[in-house]
Amino acid sequence: IPDTEKVSESFLYIQNMGQLRSTGDSATNVKFYANSYPAVYLFNTKISYIFSKMDSAVHNERIDLHFCAPDAYVVPSPFIKADYFHDYRMGDTIFNDVGIWGTVVYPGIYSHTDLVCVSNIKGMKNYLMLKPGANIGNIDWHYSGGASLYIDGNGGLEIRGTLDTLFQGQPKAFQMDSLGNRVDMSWNPDYLITGNHVKFELNGSYDSTKTLYLQFDWGSETVQQESCMFYSSTFGGSDGETVYGMTTDTLGNHYITGETTGQIKFPSATGVHQFALPEHRMFLTKFDPNHKIIWSSYLGGSGSQAGYGVK
């Protein structure tokens with residue numbers, strides 16, 4: 001696989017050794033998954049993308065990419081391993097040394113064709129490897145889950161859901177020369193949309209005795225708009241906190257609300273109302289534009305409370 005880009009730590013694929021539960025399908029059908037945005041689940045004959053957003057409630061949306069009429073029984077296979085692994089404990093069951101992979105390959109997904117799942121700093125990235133004898137007309141992808149398909153002004157594919165939009169850039173076609181150097185084609189393939197099916201059209205010639213690579217760079221509307229981290233920190237008390245709502249005012253001050261069980265050492269400010277409450281406590285905290293706490297307080301009555309929005 002002629003790929004020299006560094007993989008994204010946000011899109012590493014975790015091998016499912018039995019630790020994955022409650023995915024909507026039988027968990028054993030999920031072969032690999034990425035705890036990313038969107039979350040990605042690799043099955044034998046489809047890939048699922050899960051979007052989640054939270055306001056006063058949690059909203060989930062699932063978009064499935066089905067490989068229509070694959071050539072054979074396909075099983076995604078790990079290819080390039082990350083430098084570490086995960087351990088899981090599920091009740092009394094322990095899963096040790098669960099593999100983390102930077103690249104997963106669907107070998108022979110269509111005749112003489114492999115699909116490679118990898119990533120770069122922008123997010124997901126896929127390759128179709130059309131080996132000698134491959135037929136681009138055999139490749140047929142079907143999107144389900146309420147998604148609508150559109151071609152954007154740059155030849156990319158938009159998979160529009162209700163919570164977010166997946167962007168699949170226009171494929172880039174290239175081959176490798178005898179020295180192992182990438183040689184980009186003077187043309188790029190096009191997407192052909194029929195309903196919720198996507199096929200591909202090659203718009204030029206290439207050396208059919210060599211592998212033709214089609215590269216797809218992915219992203220989501222949210223990822224493309226918020227792909228750079230400007231600030232990161234920790235916040236909370238001695239136990240646990242969950243943030244359910246946040247906003248920013250016109251002066252650049254930031255407000256967050258949620259619930260805390262960590263009254264001890266929970267951030268507070270002198271002169272702001274503080275009192276002990278049982279169980280879960282609602283909190284409201286204000287930060288200045290430089291992310292310093294201006295004030296922080298508990299709110300609520302005698303039972304458990306949580307804040308879900310700030311206006």
Side-chain angles (χ1 to χ4, degrees), residues 5-12 14 34-40 49-61 82-84 86 100 119-124 161 163-167 217-301 303-311:
E5 289 188 298
K6 180 178 175 59
V7 300
S8 170
E9 293 292 324
S10 299
F11 281 94
L12 295 175
I14 304 169
N35 292 323
S36 53
Y37 183 85
V40 181
Y49 306 96
I50 310 294
F51 291 105
S52 296
K53 290 190 175 181
M54 183 168 59
D55 42 40
S56 59
V58 177
H59 307 278
N60 295 312
E61 179 179 24
D83 296 331
Y84 53 91
H86 286 177
I100 313 297
S119 66
N120 59 19
I121 193 172
K122 296 179 181 178
M124 294 179 290
L163 293 184
D164 211 332
T165 298
L166 274 172
F167 292 95
D217 291 316
W218 288 73
S220 74
E221 187 171 49
T222 302
V223 170
Q224 289 195 352
Q225 291 178 356
E226 303 174 359
S227 58
C228 296
M229 179 182 290
F230 295 98
Y231 173 80
S232 180
S233 181
T234 58
F235 170 83
S238 57
D239 294 311
E241 286 76 37
T242 304
V243 175
Y244 294 122
M246 63 181 67
T247 191
T248 302
D249 64 24
T250 57
L251 299 177
N253 299 303
H254 310 290
Y255 304 81
I256 64 172
T257 188
E259 64 177 327
T260 177
T261 58
Q263 183 175 352
I264 301 175
K265 296 184 180 180
F266 186 82
S268 61
T270 303
V272 175
H273 186 47
Q274 307 288 340
F275 52 91
L277 290 174
E279 301 176 350
H280 295 257
R281 291 166 283 278
M282 172 183 171
F283 70 87
L284 179 63
T285 303
K286 179 180 180 179
F287 299 84
D288 69 17
N290 295 316
H291 312 101
K292 303 294 185 182
I293 294 177
I294 298 176
W295 50 256
S296 184
S297 179
Y298 303 122
L299 300 170
S304 298
Q305 296 86 28
Y308 289 97
V310 187
K311 293 185 178 180

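From a predicted model like this one, the values you see are computed outputs, not experimental measurements.
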Enquirer: Could you please spell out the steps behind the side chain to side chain contact (heavy atoms under 4.5 Å, CB included) verdict for Asp217 and Phe167?
Expert: CA-CA 8 Å; Asp217 291 316; Phe167 292 95; over 6 Å; no

Enquirer: Please round to the nearest 0.5 Å and tell me the distance separating atom CE of Met246 and atom OH of Tyr255.
Expert: 14.5 Å

Enquirer: Do you know the tightest heavy-atom contact between Leu251 and Pro289?
Expert: O-CG, 3.4 Å

Enquirer: If only atom types and distance count, is the side chain of Asp288 paired as donor or acceptor with the main-chain N or O of Asn290 below 3.5 Å?
Expert: yes

Enquirer: Might you point out which heavy atoms bring Phe287 and Thr285 nearest each other, and give the distance in Å?
Expert: CE1-CG2, 3.7 Å

Enquirer: Can you tell me if Glu61 uses its side chain to pair, donor with acceptor, with the backbone of Leu163 under 3.5 Å?
Expert: yes

Enquirer: Once rounded to the nearest 0.5 Å, what's the spacing between atom CD1 of Ile294 and atom NE2 of His254?
Expert: 9.5 Å

Enquirer: About how many Å separate CD1 of Ile256 and OG of Ser296, when rounded to the nearest 0.5 Å?
Expert: 7.5 Å

Enquirer: Between Trp218 and Phe11, is any pair of side-chain heavy atoms under 4.5 Å apart?
Expert: no

Enquirer: Does any non-hydrogen side-chain atom of Asp164 lie less than 4.5 Å from one of Pro38?
Expert: no

Enquirer: Taking all non-hydrogen atoms of both residues, which atom of Thr257 and which atom of Phe283 are closest, and how far apart?
Expert: OG1-O, 2.7 Å

Enquirer: According to side-chain contact (heavy atoms from CB on, under 4.5 Å), who are the partners of Val7, at least two apart in sequence or on a separate chain?
Expert: Leu12, Val118, Ser119

Enquirer: Does any non-hydrogen side-chain atom of Ser8 lie less than 4.5 Å from one of Asn120?
Expert: no

Enquirer: Is the distance from the ring center of Phe51 to that of Tyr37 below 6.0 Å?
Expert: yes

